[in-house]
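As structure tokens, the structure follows; a few thoughts come after it.
Each chain gets a letter, A, B and so on, in the order its sequence line appears, and its residues count up from 1.
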Protein chains: 2
Amino acid sequence: MAGNEIRRSMPLFPIGIVMQLTELTARQIRYYEEHKLISPARTEGNRRMFSLNDIDRLLEIKDLIDRGINMAGIKEVFAVKENQTATAEMEKQAEKARRELSDDELRKILRSELQHAGRFNRSSLRQGDMSRFFQ
Amino acid sequence: MAGNEIRRSMPLFPIGIVMQLTELTARQIRYYEEHKLISPARTEGNRRMFSLNDIDRLLEIKDLIDRGINMAGIKEVFAVKENQTATAEMEKQAEKARRELSDDELRKILRSELQHAGRFNRSSLRQGDMSRFFQ
DNA sequence: TTTTTCATGTCAGAAAACCTAACATAAGTT
DNA sequence: AACTTATGTTAGGTTTTCTGACATGAAAAA
């Protein structure tokens, strides 16, 4: 899952290829960078190198431009998206925390059942819930 | 399935990037081209542009070189592989033909059953086999 | 309506990246 | 020893990209 993100953020493409891929002019691409909508990497010799993520972003910019939205608007759209994915991350974290909390509870139940049910092989009704603790 | 192959054969990378990705020198890459092991595209201005397939091939060349195989050997390896995938294609085609032949047979059976079983809604035992003819 | 602003076009001069061709060389082959 | 192979190195030329400056049409503001 993370390897893919690395690949997508690897600076691989010179501006000429990006122009073809996005059908934007060099002037436009540089202008969007000037307005901090993208931040392509640079070679030692100062040439811009773009990643797949940069290209996605440029295509998004192009779409927003086509819909009549100006630089400020696009900047805001990206800020909101950023914030949105950030909160989604937090929600995921919270969900994970909730799950881990109930894992603890399940552990308690498991211990208690093992003490009571003792030596029965027949498993308790909660086996399905417990299974994730094993293997 | 074919869209992926298009993407993999799209000339996107200048030689500088390919050098980094493959850890080959420009001299080596040009030499391998000279020996027809790769055939990168060219820009209008005659710059080489490499596809993902080209890069795969270069990595393969590098591996074979590391194993002490010379240009002629590598050329032969690729020829064999080419031939191999070609026969695989033919096998696939043959398999498809076999399948289509039995499709014809199934059609015959279908016709015959429709004539005999006539107006029964209850479907014949072969319905599962027939289903691929509809929708 | 006139003036500003915005997004982009265009041009110039400089630097980076790449090209081909030629010669050099270490290691392996004849 | 002479040749071949794979690669290094250098030179001179062309293409691509860079920044900065000025130009412009359309939209927004005054």
Extract from the structure each pairing of a protein N or O with an N or O of nucleotides 13-17 of chain D at less than 3.5 Å, listing the distance.
residue: D:dT14; atom: O2; partner: B:Arg47; partner atom: NH2; Å: 3.2
residue: D:dT15; atom: O2; partner: B:Arg47; partner atom: NH1; Å: 3.4
residue: D:dT16; atom: OP1; partner: B:Thr43; partner atom: OG1; Å: 3.1
residue: D:dT16; atom: O2; partner: A:Arg47; partner atom: NH2; Å: 3.2
residue: D:dT17; atom: OP1; partner: A:Gly16; partner atom: N; Å: 3.0
residue: D:dT17; atom: O2; partner: A:Arg47; partner atom: NH2; Å: 2.9

(message) Can you confirm whether more than 12 heavy atoms, excluding those of A:Lys81, are under 6.0 Å from its NZ atom?
(response) no

(message) Is it true that, when you exclude B:Glu82 itself, more than 12 heavy atoms of the residues, nucleotides or ligands shown sit nearer than 6.0 Å to its CD?
(response) no

Nearest heavy-atom pair of [X] and [Y]: which atoms, and what distance?
{"X": "A:Ile17", "Y": "B:Pro11", "result": "CD1-O, 3.8 Å"}
{"X": "B:Leu21", "Y": "A:Met10", "result": "CD2-CE, 3.6 Å"}
{"X": "B:Met19", "Y": "B:Ala26", "result": "CE-N, 3.7 Å"}
{"X": "B:Phe50", "Y": "B:Pro14", "result": "CD1-C, 4.3 Å"}
{"X": "A:Leu37", "Y": "A:Met71", "result": "CD1-SD, 3.8 Å"}
{"X": "A:Gln28", "Y": "A:Thr25", "result": "OE1-N, 2.9 Å"}

Tabulate protein N/O versus nucleotide N/O from nucleotides 6-10 of chain C, keeping only pairs under 3.5 Å, one per line.
residue: C:dA7; atom: OP1; partner: A:Met71; partner atom: N; Å: 3.0
residue: C:dA7; atom: OP2; partner: A:Tyr31; partner atom: OH; Å: 3.1
residue: C:dT8; atom: OP1; partner: A:Gln28; partner atom: NE2; Å: 3.1
residue: C:dT8; atom: OP1; partner: A:Tyr32; partner atom: OH; Å: 3.1
residue: C:dT8; atom: OP2; partner: A:Tyr32; partner atom: OH; Å: 2.9
residue: C:dT8; atom: O4; partner: A:Arg27; partner atom: NH2; Å: 3.0
residue: C:dG9; atom: OP2; partner: A:Thr25; partner atom: OG1; Å: 2.7
residue: C:dG9; atom: N7; partner: A:Arg27; partner atom: NE; Å: 3.2
residue: C:dG9; atom: O6; partner: A:Arg27; partner atom: NE; Å: 3.4
residue: C:dG9; atom: O6; partner: A:Arg27; partner atom: NH2; Å: 3.0
residue: C:dT10; atom: O4; partner: A:Arg27; partner atom: NE; Å: 3.3

Name the pairs: protein N/O against N/O of nucleotides 24-30 of chain D, kept only if under 3.5 Å.
none

Whole-Å gap separating [atom2] ([N]) and [atom1] ([X]):
{"X": "A:Phe13", "N": "C:dA17", "atom1": "CZ", "atom2": "C1'", "value": "18 Å"}
{"X": "B:Glu34", "N": "C:dA22", "atom1": "CD", "atom2": "P", "value": "12 Å"}
{"X": "B:Ile74", "N": "D:dT7", "atom1": "CD1", "atom2": "C1'", "value": "14 Å"}

(message) Salt bridge check, B:Glu33 against B:Arg57: does any charged N sit closer than 4.0 Å to a carboxylate O?
(response) no

